[in-house]
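What follows is a short report on a single structure.
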Amino acid sequence: MGCAGFTCSKHSLCALNILYVMVSLLMIGIAAWGKWFGLVSSFQVVGGVIGVGVFLFLVALVGLIGAVKHHQVLLFFYMIILFMVFIVQFSVSSACLAINKDQQEHLLEVGWNNSYTTQRDVEKSLNCCGFYYVDNNGTCDAACFPNHSCSPCAEQIQEHAEEVLRFVGGIGLFFSFTEILGVWLTYRYRNQKDPRANPSAFL
């Protein structure tokens with residue numbers, strides 16, 4: 001029973017961390033792809049996504065090595081880091097799902113005013129100009145601008161933002177529960193004896 005429980009915990013923890021490795025590589029790949037093909041010109045956005053991907057990859061790598069080797073110290077730090085990530089991610093995901101329209105509009109306006117490159121990306125992809133009004137004497141990368149047929153971006157951004165927030169919040173909540181599962185598995189696995197090891201060496 002002890003051997004079966006140990007093996008089950010080990011394989012489950014390895015599988016969970018392999019999933020995290022795949023997700024982290026996917027995040028890095030999508031961010032790099034978006035930058036390479038010019039879909040996103042903001043280095044802050046790309047750098048942020050890649051940074052989160054690299055962090056998740058390193059955490060998953062620590063968990064994977066700790067699980068394979070049954071390394072007590074690595075498993076302990078992995079458990080602590082994963083629990084902290086869970087708290088942050090659960091809070092952010094809940095906020096994404098709970099944010100109301102006024103708060104959403106205020107945050108979008110602040111983000112719009114703080115990043116010129118983001119403005120250009122949004123105007124180009126949504127084919128709109130300006131946030132609340134179109135300045136025909138200014139510059140805009142949208143295809144509609146030369147014909148003076150553009151509409152403001154605020155309404156379109158809010159529609160997309162609402163969908164994105166629901167999606168991000170839902171995915172974040174899902175992964176936050178996998179993280180608390182990972183914490184529980186790590187705690188359980190860390191306190192199990194390796195049947196192949198010397199019993200006197202177990203701490």
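Atoms considered below: every heavy atom in the structure, side chains included; atoms not considered: hydrogens, waters and symmetry mates.
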Determine which pairs satisfy salt bridge (charged side-chain N to carboxylate O under 4.0 Å, His left out) with at least one residue from residues 128-147, sequence neighbours left out, and list them in order.
R120-D141
For the SG atom of C129 and the NZ atom of K124, what is their distance to the nearest 0.5 Å?
13.0 Å
Short question: side chain of S12, backbone of S9 - any donor-acceptor pair under 3.5 Å?
no
Sequence neighbours excluded and cut-off under 3.5 Å, please list the side-chain donor-acceptor pairs for residues 143-150, or say none.
unit_1: H148; atom_1: ND1; unit_2: N136; atom_2: OD1; d: 3.4
unit_1: S149; atom_1: OG; unit_2: C144; atom_2: O; d: 3.4

Would you give the length of the straight line joining atom CZ of F175 to atom OG of S93, rounded to the nearest 0.5 angstrom?
10.5 Å
State which residue, out of L16, N17, L75, I80, fulfils the side chain to side chain contact (heavy atoms under 4.5 Å, CB included) condition with T186.
L75
Transitive ILVMFWY side-chain link V52 to M22, under 4.5 Å:
no
I'd like to know if the side chain of Q103 reaches the main chain of N100, judged simply by a donor and an acceptor atom lying under 3.5 Å from each other, with no hydrogens or angles considered.
yes
Y20 and T178 side chains, donor-acceptor separation under 3.5 Å
yes
Following the transitive rule for hydrophobic clusters with a side-chain heavy-atom cut-off under 4.5 Å over Ile, Leu, Val, Met, Phe, Trp and Tyr, establish whether V88 and I81 coincide in one cluster.
no
CZ of R190 to CG of L74: how many Å apart, nearest 0.5 Å?
10.5 Å
Just wondering, do H71 and I65 contact through their side chains at under 4.5 Å, heavy atoms?
no
M84 reachable from L13 in the ILVMFWY side-chain graph, under 4.5 Å edges
yes
Do C14 and L64 make a side-chain contact, defined as non-hydrogen atoms from C-beta onward lying under 4.5 Å apart?
yes
Run the side-chain contact (heavy atoms from CB on, under 4.5 Å) check on D121 and Q119 step by step: do they pass?
CA-CA 6 Å; D121 290 338; Q119 290 180 27; over 6 Å; no
Just do the side-chain contact (heavy atoms from CB on, under 4.5 Å) check on F55 and V85 with the steps written out, would you?
CA-CA 11 Å; F55 175 75; V85 171; 3.7 Å; yes
Show, in sequence, the C-alpha distance, side-chain angles and deciding distance for V23 and M27, and conclude whether the side-chain contact (heavy atoms from CB on, under 4.5 Å) test is met.
CA-CA 6 Å; V23 170; M27 288 175 67; 4.3 Å; yes
Hey, does the side chain of Q89 reach the backbone of G172 with a donor-acceptor pair shorter than 3.5 angstrom?
yes
I87 CD1 to E179 CD distance, which is reported to the nearest 0.5 Å
10.5 Å
Do V62 and L56 sit in the same hydrophobic cluster, where Ile, Leu, Val, Met, Phe, Trp and Tyr count as joined when their side-chain heavy atoms come under 4.5 Å apart?
yes
Checking one residue: V134. Which other hydrophobic residues are in its cluster under the side-chain 4.5 Å linking rule?
none
Side chains of I157 and F131 in contact at under 4.5 Å (non-hydrogen atoms)
yes
